Amino acid sequence: AEKYSANFSAIALTQRINNLSSPTISSPTISAPTISGTASLATLTTSGSASIGTTLTVSGAASITGNLTVAGNAIITSADIGIGTSSPMAKLAIQGTSAATSTFAIWAAASQSANLIRVFNNSGTELLTFTPSGYLGLASSSPAQLLSVDGNAYLTGGLGVGVATTTSGALHTTGNV
């Protein structure tokens, strides 16, 4: 048996194994492998970089410690995404993990002219627009001022124009109305 093991080891080092039918290999160390076609692994652990050439399909849970970089589109078809939470309550749920940092931040690209945020109803009507200039549009796809409302507004408190504090139910202004 020892002779066969030595011969196998010598051949395995110089030859490519093209077909294995249900092998069991315990704790192997493999350097620079290339897998063509479909591979099924119960557990894959790497202590460096792992590169997937085309498609990676995960059935069940996946755990990533460190950074995940996706070059291209990431398409998630029927799951909820939780950032900072293991129980997302919507398609995208973000929960802050520290009172000292922002929970959500968006930076515009240099010279960006397209809107930063756009929210639509199920009919395609734009409900909210936030521009790179800091203008917020409610039912307005192109807000002309810091706050542009296309339609009626209902306020339960006071409204101050040029005044920081107001009385509930009152309109306060520093100039003409």
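Values in this document were obtained by computation on a predicted structure and should not be read as measured data. Nothing fancy with the numbering, it's 1 onward along the sequence.
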Under 4.5 Å between side-chain heavy atoms, counting indirect links through other Ile/Leu/Val/Met/Phe/Trp/Tyr residues: same cluster for [X] and [Y] or not?
X	Y	result
L147	F130	yes
V119	L136	yes
I83	I106	yes
L155	L146	no
I81	I117	yes

Starting from the C-alpha separation in whole Å, work towards a yes-or-no answer on side-chain contact (heavy atoms from CB on, under 4.5 Å) for L171 and V161.
-> CA-CA 8 Å; L171 171 63; V161 179; 4.1 Å; yes

Does a side-chain heavy-atom distance below 4.5 Å link L116 with T131?
-> no

Which pairs with one or both residues in residues 106-127 pass side-chain hydrogen bond (donor to acceptor under 3.5 Å, both in side chains), sequence neighbours excluded?
-> R118-E126, E126-T129

Backbone of Y135 reached by a side-chain donor or acceptor of S133 within 3.5 Å = no

Can you see which heavy atom on [X] is nearest to which on [Y], and at what distance?
X	Y	value
S140	S148	CB-O, 4.1 Å
H172	T165	ND1-O, 4.4 Å
A114	P132	O-CG, 3.3 Å
S87	T85	N-OG1, 3.1 Å

Find the distance between CZ (F120) and CG (L128) and round it off to the nearest 0.5 Å.
-> 10.0 Å

